[in-house]
Structures are given as structure tokens and as C-alpha cells.
Amino acid sequence: MGGSYEVHKPAAPIDWVVEVPGSKSMTNRALLMAALADGVTTLKGVLFSDDSRNFLGSLQSLGFGVAVDEAAKTVTVEGLNGSVPVTEGVIYVGSAGTAARFLTAMLALAEGTFVVNASEQMKKRPMKPLFGVLERMGAEITCLEAEGCLPVRIRGIGGRFSAHEMCRTRLDISESTQFLSALLLVSPMVKQGLCVEITSARKDGAYIRITRRMMEQFGVKVDFDGVNYTIQAGAAYRSGCCQIEPDVSAACYFYAAAALTGGKAVVRHVTRECMQGDLKFLDVLAQMGCAVRDTPDGIGVQGAAGGRMKGVTVDMKDFSDQAMTLAALAPFADGDVRIRNIGHIRLQESDRIHAIVTELTRLGISCEEEADAVTVHPGTPVPAEVQTYDDHRIAMAFALIGLRTEGIRIADPMCCQKTFENYFEVLERLTTT
């Protein structure tokens, strides 16, 4: 695929049955826990993308036994019960926030000296709160370029914790809940137990709940009293088998396509039992006038006739990856769409609030940008090339506008390799058959 991709506007309302890759968030959490478990763990339904390959490559660089079968979507990892096989190493996490935060925490608690390198995009994303708590726990972290950012050199704590007292620390998660997920996921390396007091107004979140539920599946319980997250002494991950859920974030693009065209989309294996927070986007689609139903293949969405949608105001703090998706639907609603409580997405792969406003304005749509919100007014998009800022979610979400408007082109479509490497091939097949 070349420098841009022109979306094909379907001639009729869509009727799609789609299968999406495994969840990125769950894949990378499972990879870390498998590496810290005692024995061999098999992961099924694994996502293979830039992010997960960087995570896998990092584990291999650190000496873990990893076997990959991309065709079968499986990975086996030989864990060493909380130990890292080498005491010196260099890893590259690319643009993966999960790999950057999770592996930094793991290496800070390990024995040895390590370097964590990253892409230019990841070097701009916040790391300082995580560095701070790891340093207070005893790690030595040296920033090799900008202060508070990757790349870094880490001298790990190893076994230098107090042997008798639970390790207690404090953390602000207002910039990213991944900081807390990182500490929780590596907590079995702290054999005397770990208690993390949350100092920010935000205490919890959808991805933290995914972390806790997956940790419990691997045999480690996290207690939460509203302020403190506690893991008791002696916690250890069990090896075994883990099935990765389909990526609900990716599924939402196809559900949104049904809303836009007044058609129907079913995404295989997505059910109400999925633990991912982006399931809440289905409630938003229902508010906008869609019908959401369970089917034998997976959850399906039926758009209203003619793609009619109602204007809504939505707090998207817990499923903010879909802020771009809702913004792409917003011009076609019958009233304003206001997306609020999303200030943290300015610190992700791009300043996503500013990107939403810039690209909708490019398409002739009126909108207002606030520090932590955006309001989009109804309008008729004009043909244009959408800039994507090396941000996979901007590319995938804004492509949806082309299902209603001719002449929508997406610059740098290959940035989707981060999480859904054949997204545009799937979209091309669906819209041209």
C-alpha cells in the first residue's frame, strides 16, 4: 500500500461479518506475566503487530525462551518465576506504551543493568511518574536523552528489598494508568508484597481492571480499597494456557461502520463477557439510535435506516481509544457530539484532541477544542487527505468517514501496523465485494 489510501464508499448499507486480531492490551499483559511465571505458558489468539513484536523481541533479547507460531496465533514463553535470564541487556520497545512501561518496571526490579530504547514517538510520551516511583523503590534510572523520557539506562533493584516489610510506595496515574498496571504486573518480583497508594484524583480505570482480572487468571490477587492496591507477600504467577480475547477496540471500527451506513456488522467472538472497556462504545451507539444484539457469531450492530444518528454527550475517560471513532461519526449526527474527560489522550501516540479538530476542520467540519474535550457540529465532509500523525487510531477511525463521503484519503495507512497491520486490506475487501 502506497503513501495514501482512498476509502471506497459502499453502494449500499454494509452487511459485514468480520474477525479482528487479538487484543493488544491483553497480549502484552499476558506476555509479561508468562515471562514472570514459573514454567512454560502457551498464549493463544495472540496479536501480531509492531507493538507485540517489539514486546516479543525484547523478551528474546533478555534471554527468555520464546517460541512463535504466527499462523496459529500462538506463543509459548518459558518463565523463570520472576527472574530475568541475563544481567545485562539492551531492548527496543518501539512505539508501544505497554512494552515501554511494563518492561521498564520489570527491569527496574531485576538484577543487572539494562538499556531501554524506543521510537522517536515513544520518546515523547510521559514516563517520569513511573521512573520516580521505581527510583524511590531503589532502582537507578539514567535518562540518556530528554529528562523523564526514554531512552534510559536502568540498574535494577535485584534482591535489595527489605526481607521482612511489605514494600509501600505512592503513584500519580493522572497521565497514564499504564504506570500502575506496570507496577501491579511486576509485583510478584517483590517477594515481601507490594502496596501502591494512588495520590491522583483518578484512582481506577478500565485498563487497570483488565490488569487485575488477568493477574487473577494467572494466580495473583490484587486487593483495592479505593486508594491502595495491595499484593500480598509470596504472590507468584502460574504457568499454563491463556486465550487472548479479540481486540474490542478494533471491533468498534466495524460497529461504527454499521452506524454510518445504516447497515449491519457482526464481529466474531466479541461477547458481553469480554473484559475490555471499549465494550462501552456499544452503549454509545445504542444512544445514537443503533440496535445492539447478541448473535451466535458475536455481538452485532444494526445502524438506523439511512445512517441516521443522534447527537450525544459522552464521558469517554474509560474508553478513550474510541474518542476518534465517535469523532468520525459526529459530522453525520443530527446534533452536536461532545466528547469529554479525555485530556489524557493528548499524551498518547499524538495529541489526539488536537488531531481530531485539525482533521475534521480539514474536512470542512466545525468543531471546538478544549483542554480535555471536543465538540463536533453536524456537517457534510468534503473530499480531502487526512493526516494521521503516525497514529494508528487516527488512521483507522477517520477512514470510516469515507464510507459516507467520496474522496476521503488516508495518509500513511501503514501506521496501522502498530496494532492491526492488515486493517486497510480488510476494509478494501469489505467495501469492494
Side-chain angles (χ1 to χ4, degrees), residues 24-25 27-36 50-64 82-158 160-161 167 169-190 194 196 207-208 211 215 229 231 347-349:
K24 176 196 73 171
S25 300
T27 291
N28 284 356
R29 282 164 171 77
L31 285 171
L32 186 70
M33 289 187 285
L36 296 177
D50 281 354
D51 275 14
S52 60
R53 288 192 182 95
N54 282 324
F55 207 118
L56 284 163
S58 295
L59 293 179
Q60 290 168 327
S61 295
L62 294 169
F64 287 99
S83 296
V84 173
V86 300
T87 56
E88 289 186 18
V90 178
I91 64 170
Y92 178 74
V93 298
S95 297
T98 48
R101 279 71 182 254
F102 299 173
L103 292 171
T104 292
M106 181 183 77
L107 295 178
L109 300 188
E111 181 180 355
T113 302
F114 307 92
V115 172
V116 182
N117 287 321
S119 70
E120 292 302 315
Q121 184 189 71
M122 188 64 224
K123 290 178 183 180
K124 299 173 184 175
R125 295 180 66 181
M127 294 287 291
K128 190 173 182 178
L130 181 61
F131 293 164
V133 71
L134 294 171
E135 287 174 323
R136 289 192 296 274
M137 292 169 71
E140 297 176 14
I141 298 177
T142 303
C143 295
L144 301 179
E145 293 181 14
E147 192 64 29
C149 299
L150 295 177
V152 292
R153 179 179 295 108
I154 300 171
R155 180 174 180 261
I157 302 165
R160 294 181 284 116
F161 286 108
C167 179
T169 191
R170 309 173 81 210
L171 177 67
D172 182 322
I173 60 171
S174 54
E175 289 185 333
S176 176
T177 61
Q178 285 180 0
F179 302 148
L180 176 58
S181 284
L183 290 177
L184 297 179
L185 287 164
V186 301
S187 60
M189 299 176 74
V190 185
L194 177 66
V196 183
Y207 286 102
I208 298 169
T211 297
M215 288 176 66
Y229 291 83
I231 300 90
L347 301 171
Q348 295 182 317
E349 282 84 341

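Residues take their numbers from the sequence shown, with the count starting at 1. The figures here come from the full heavy-atom set of this structure, side chains too, leaving out hydrogens, waters and symmetry mates.
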Any side-chain heavy-atom pair of V133 and R170 under 4.5 Å: no
Pairing residues for Y229 by the ring-ring contact (aromatic ring centres under 6.0 Å, His included) criterion, not counting sequence neighbours: F224
Set of residues satisfying side chain to side chain donor-acceptor pair (under 3.5 Å) with respect to S174, sequence neighbours excluded: D172
Note, R29 side chain near S181 side chain (heavy atom, < 4.5 Å): yes
I'd like a table of donor-acceptor pairs (distance under 3.5 Å, sequence neighbours excluded) in which one partner is a side-chain atom from residues 99-106, with atom names and distances.
| unit_1 | atom_1 | unit_2 | atom_2 | d |
| --- | --- | --- | --- | --- |
| R101 | NE | P126 | O | 3.4 |
| R101 | NH1 | Q178 | OE1 | 2.5 |
| R101 | NH2 | P126 | O | 2.6 |
| T104 | OG1 | A100 | O | 2.6 |

Residues forming a side chain to side chain donor-acceptor pair (under 3.5 Å) with R155, sequence neighbours excluded: E140
Minimum side-chain heavy-atom gap F114-V86 below 4.5 Å: yes
Non-neighbouring partners of T27 that pass side-chain contact (heavy atoms from CB on, under 4.5 Å), sequence neighbours left out: L31, V46, L47, S52, I244
Side chains of E349 and R125 in contact at under 4.5 Å (non-hydrogen atoms): yes
By salt bridge (charged side-chain N to carboxylate O under 4.0 Å, His left out) - contacts of E120 (at least two apart): K123
Residues forming a side chain to side chain donor-acceptor pair (under 3.5 Å) with S187, sequence neighbours excluded: none
Contacts of type salt bridge (charged side-chain N to carboxylate O under 4.0 Å, His left out), residue R136, not counting sequence neighbours: none
Could you give the side-chain donor-acceptor pairs of residues 87-98 under 3.5 Å, partners two or more places apart or in another chain?
| unit_1 | atom_1 | unit_2 | atom_2 | d |
| --- | --- | --- | --- | --- |
| S95 | OG | S119 | OG | 2.6 |
| S95 | OG | Q121 | OE1 | 3.2 |
| T98 | OG1 | N28 | ND2 | 2.8 |

Pairing residues for C167 by the side-chain contact (heavy atoms from CB on, under 4.5 Å) criterion, not counting sequence neighbours: M137, F161, V190, Q192, L194
Test side chain to side chain donor-acceptor pair (under 3.5 Å) applied to D51 - qualifying residues, sequence neighbours left out: K418
